[in-house]
There are 2 protein chains.
Amino acid sequence: MTAIKENSTSNANRRASKATCPVSFVMSKIGGHWKPIILFHLLSGPKRYSELKKLIPAVTEKMLIQHLKEMQEDVLVFRKAENVVPPFVTYSLSAEGEQLRPILDEMVKWADARDFKPQ
Amino acid sequence: MTAIKENSTSNANRRASKATCPVSFVMSKIGGHWKPIILFHLLSGPKRYSELKKLIPAVTEKMLIQHLKEMQEDVLVFRKAENVVPPFVTYSLSAEGEQLRPILDEMVKWADARDFKPQ
DNA sequence: ACAAGTACTTACCCCAAAGTATGTATCATG
DNA sequence: CATGATACATACTTTGGGGTAAGTACTTGT
């Protein structure tokens, strides 16, 4: 048993472990171009894949899937697939992801108190 | 007076106005590679330019100045230069920037409650 | 038998953000 | 007169995150 296996944990940690401060750590999880928007829409409840696409017209399918996947790996988002055809897949905040709500809520407050105007 | 001047306001708005949701709006202000770390260190009080450099060894001077400047333009950070030589420049959170504290505090909480380990 | 609907996958390209390297101003001090 | 200290500026190069485009699988409807 001397073999060292390149386990998935070390893989999962790679992105996160580059963080040098707590704020950067959080940013590595919810930052980027699309994660904030996806999370924002998931705040108001579970959404189908196709719903997210409609809610975020500018996102490409590649980007949407990619970031949903990353957030699944980070256990922020939960994916539920009903085994029917055509597919019916729902994404929602996981228990862990729900803990982001205070952060995101404070962000919304901050934006609302400033010159941000929706749409 | 028919000339259209490319004024600085439109420039200042460019980055911010691409936000399509409040969370993205906030991210456009405090996101990126270095702003989170800079802000984190400013949470504990004003810092000299050289202090920030020491606190964030991995940052280059170009990046440090660039992001401090952007945050000045976004009125999140206040720059105070004493007219002496060698220069003595202090950066601190502005009144507006202080309003970010709840967000950043929640981020620190979230990181602490998880597998983030400082250093 | 062919299109339509849903949820992906994959190969390729591009550009803006980040990194590298070097230069500048000012004055005190040895 | 050369060095050190501080706070920048700027030209050039690199890279990876994001965008484009096209394909896959499975079944129902016409």
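Naming: A, B, ... by sequence-line order, numbering from 1 per chain.
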Test: A:Lys35 and A:Glu70 ion pair at under 4.0 Å = yes
Within the pair B:Arg48 and D:dT6, is there a side-chain N or O less than 4.0 Å away from OP1 or OP2?
-> no
Think B:Lys69 has a side-chain N or O under 4.0 angstrom from the OP1 or OP2 of D:dC8?
-> no
Closest contact, heavy atoms only, A:Phe88 versus A:Val84 | CB-CG2, 3.9 Å
With B:Ile103 as reference, evaluate B:Leu39, B:Val26, B:Val108 under the side-chain contact (heavy atoms from CB on, under 4.5 Å) test and give the passing residue.
-> B:Val26
Looking only at non-hydrogen atoms, find the nearest pair between B:Ile37 and A:Cys21 and report the distance.
-> CA-SG, 4.0 Å
If you group Ile, Leu, Val, Met, Phe, Trp and Tyr by side-chain heavy-atom gaps below 4.5 Å, do B:Ile38 and B:Leu55 land in one group?
-> yes
List the steps and the verdict of salt bridge (charged side-chain N to carboxylate O under 4.0 Å, His left out) for B:Glu106 and B:Lys109.
-> CA-CA 5 Å; B:Glu106 288 294 338; B:Lys109 271 194 229 169; 3.1 Å; yes
In 5'-to-3' order, the base (B), backbone-only (S) or no-contact (-) status of each nucleotide in nucleotides 22-30 of chain D, using a 4.0 angstrom heavy-atom cut-off, is ----BS---
Taking only the side-chain heavy atoms of B:Val89 (C-beta and beyond), determine which of D:dA7, C:dT9, C:dC8 contains the nearest atom.
-> D:dA7
Separation of B:Glu82 atom CD from D:dC8 atom P, in whole Å?
-> 13 Å
Does the B:Lys47 side chain pair with the main chain of B:Gly45, one donor and one acceptor, at a distance under 3.5 Å?
-> yes
note: A:Met27, atom CE; D:dG17, atom C1'; distance rounded to Å ~ 17 Å
Between the protein and nucleotides 18-20 of chain D, are there any N/O to N/O pairs under 3.5 Å, and if so, what are the atom names and distances?
residue	atom	partner	partner atom	Å
D:dG18	OP1	A:His33	N	2.8
D:dG18	OP2	A:His67	NE2	3.2
D:dG19	OP2	A:Trp34	NE1	2.7
D:dG19	N7	A:Lys62	NZ	3.2
D:dG19	O6	A:Lys62	NZ	2.2

Begin with the C-alpha distance, continue with both residues' side-chain angles, and end with the deciding distance and a verdict on side-chain contact (heavy atoms from CB on, under 4.5 Å) for B:Ile65 and B:Tyr49.
-> CA-CA 9 Å; B:Ile65 283 286; B:Tyr49 173 78; 3.5 Å; yes
Strictly below 4.0 Å, heavy-atom distances to any atom of DNA chain D: list the hits from residues 49-57 of chain A, or just say none.
-> none
For A:Ser50, side-chain contact (heavy atoms from CB on, under 4.5 Å) partners two or more places apart | A:Arg48
side-chain hydrogen bond (donor to acceptor under 3.5 Å, both in side chains) pairs, two or more places apart, involving residues 91-105 of chain A | A:Glu96-B:Arg114, A:Glu98-A:Arg101
Under the side-chain hydrogen bond (donor to acceptor under 3.5 Å, both in side chains) rule, collect the residues that match up with A:Lys69, sequence neighbours excluded.
-> none
